[in-house]
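First comes the structure, then the notes that go with it.
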Amino acid sequence: MNDTLVPRIPLGEWVDTFVDWMTTTFRPLFRFVKDVLVGIYDGLDTILSSPPFWVVALALAALALLAKGWKLALGSLVGFVVIAGVDQWDNAMDTLALVLLSAVLALVVAIPLGIWAARNDRVSTVVRPVLDFMQTMPAFVYLIPTVVIFLTGPVPGIIATIIFAMAPGVRFTELGIRQVDKEVVEAGQAFGSTPGRILRQIQLPLALPTIMAGVNQVIMLSLSMVVIAGMVGAGGLGNDVVAALQRVNVALGFEAGLAVVILAMFLDRVTSALGDRAPVSRALAAARV
């Protein structure tokens, strides 16, 4: 029921008009972006999907071995065999390609923005409410304007995933740099180091464990979003999840969901292990022993 004391604010209509104007005005730019993203995604998907299952599975297991050890490698290999056993391998590789592309693009924006926010309080003040908005907005809402602009397919899923997953990368990067001991930074300044050198050789190395935690969160959110993006034809495991929901197919939903869980566990463990391998993380672990 509308309160007569509060007039109707046509905020939704304004946003709709803005999206229509943007779609019409920047159509050539959006078409170029779509072509580039489709090209990169197709290339990455070909690399993951074209070789035989065992080749890619062993390569990913080797990555887990280098990152953590033989237990993670063995567990990952068993998980990949399960994915192949339920006929979800091709979909899983499509999803992995979407996650990798979306996460990398999100981090390309998030990490520099986090560095800028850490070094400039005004930027931080502006960025924080924007990040709050991005993190609290329901994930499905991001698909609406991206479908209007890019139609269906993997591209709207990629763009929506970048927007949805970017916030933790910014927050963790800013937090990590701000937590660096000021006395260490002042020592670098006393020796005549430039701000850029202090950032590269002091702040970023010391903040790396926190930044890697942000990378982990970006990847996890990317995976959750690309599954939701199956609603707009993004491909991968999301398509089967949506199909299972529409047809109330418990078997298909369980198999696709299990593949998502295995993929999420692999990505989470590998990225966490890479963060633990940072020199600062090793030093802190050694100090606790």
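Criterion: ILVMFWY side-chain heavy atoms under 4.5 Å apart, direct or through other members. Under it, Leu245 and Phe140 are not part of a common hydrophobic cluster. Hydrophobic clustering (ILVMFWY, side-chain heavy atoms < 4.5 Å, transitive): Leu98 and Ile40 are in one cluster. With hydrophobic clusters built from ILVMFWY side chains whose heavy atoms lie under 4.5 angstrom apart, Val248 does not share a cluster with Met231. Hydrophobic clustering places Val147 together with Ile163 (ILVMFWY residues linked when any side-chain heavy atoms are closer than 4.5 Å, directly or through intermediates). Criterion: ILVMFWY side-chain heavy atoms under 4.5 Å apart, direct or through other members. Under it, Phe191 and Val185 are not part of a common hydrophobic cluster.
Between Val56 and Trp89 the shortest side-chain heavy-atom distance falls below 4.5 Å. Residues Val260 and Thr95 have side chains not in contact (no heavy-atom distance under 4.5 Å, counting atoms from C-beta outward). Counting only heavy atoms from C-beta outward, the side chains of Pro195 and Arg119 approach each other to under 4.5 Å. In this structure, Leu105 and Leu37 have side chains that are in contact, with non-hydrogen atoms separated by less than 4.5 Å. Side-chain contact between Val170 and Met166: present, with at least one pair of heavy atoms (C-beta onward) separated by less than 4.5 Å. Within the 4.5 Å cutoff, the side chain of Asp94 has heavy atoms near those of the Ser49 side chain.
Between the side chain of Ser272 and the backbone N or O of Arg269 there is no donor-acceptor pair closer than 3.5 Å. Looking only at distances, no side-chain donor or acceptor of Tyr142 sits under 3.5 Å from a matching main-chain atom of Ile162. A donor-acceptor pair under 3.5 Å links the side-chain atoms of Thr271 to the main chain of Asp268, judged by distance alone.
Among pairs with a residue in residues 20-35, none fulfils salt bridge (charged side-chain N to carboxylate O under 4.0 Å, His left out), at least two apart in sequence or across chains. Pairs of residues two or more places apart, or lying in two chains, that qualify as salt bridge (charged side-chain N to carboxylate O under 4.0 Å, His left out) and include a residue from residues 161-188 are Asp121-Arg178, Arg128-Glu174, Asp132-Arg171, Glu174-Arg178.
Taking every heavy atom of both residues into account, Pro156 and Val232 meet most closely at CG-CG2, 4.3 Å. Considering every non-hydrogen atom in both Pro112 and Leu107, the closest pair reads CD-O, 3.7 Å. Leu206 approaches Pro209 most closely through the heavy-atom pair O-CD, 3.6 Å. Listed here is the closest heavy atom pair of Ala273 and Ala67: CB-O, 3.4 Å. Of all non-hydrogen atoms in Pro168 and Leu221, the two that sit nearest each other are CG-CD1, 3.4 Å.
For the atom pair Ile262 CD1 and Ile83 CD1, the distance stands at 4.5 Å (nearest 0.5 Å). For the atom pair CG (Leu58) and CG (Leu63), the distance works out to 12.5 Å, reported to the nearest 0.5 Å. Within the model, atoms OG of Ser102 and CD1 of Ile219 stand 11.0 Å from one another, a figure rounded to the nearest 0.5 Å. Between Leu96 atom CG and Leu223 atom CG the span is 9.0 Å, to the nearest 0.5 Å. With rounding to the nearest 0.5 angstrom, the CG atom of Leu263 is 7.0 Å from the CG atom of Leu237. Atom-to-atom distance recorded for Ser124:OG and Leu113:CG is 9.5 Å, nearest 0.5 angstrom.
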* Take Ile115 and Leu204 through the side-chain contact (heavy atoms from CB on, under 4.5 Å) test and state the conclusion after the steps. => CA-CA 9 Å; Ile115 293 172; Leu204 286 179; 4.1 Å; yes
* To do: Start with the C-alpha gap between Phe172 and Val215, add the side-chain angles, then the distance that decides, and say whether side-chain contact (heavy atoms from CB on, under 4.5 Å) holds.
  => CA-CA 8 Å; Phe172 277 76; Val215 171; over 6 Å; no
* **Test log, rule side-chain contact (heavy atoms from CB on, under 4.5 Å), inputs Trp54 and Leu77** => CA-CA 9 Å; Trp54 60 269; Leu77 194 58; over 6 Å; no
* Asked: Passes ring-ring contact (aromatic ring centres under 6.0 Å, His included), Phe80 versus Phe266? Steps please.
  -> CA-CA 9 Å; Phe80 297 145; Phe266 169 76; 5.2 Å; yes
* Asn239/Asn91 under side-chain contact (heavy atoms from CB on, under 4.5 Å): CA gap, chis, key distance, verdict -> CA-CA 9 Å; Asn239 278 4; Asn91 287 336; 6.0 Å; no
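Under a 4.5 Å side-chain heavy-atom cut-off, the cluster of Ile, Leu, Val, Met, Phe, Trp and Tyr residues that includes Val261 is completed by Met265.
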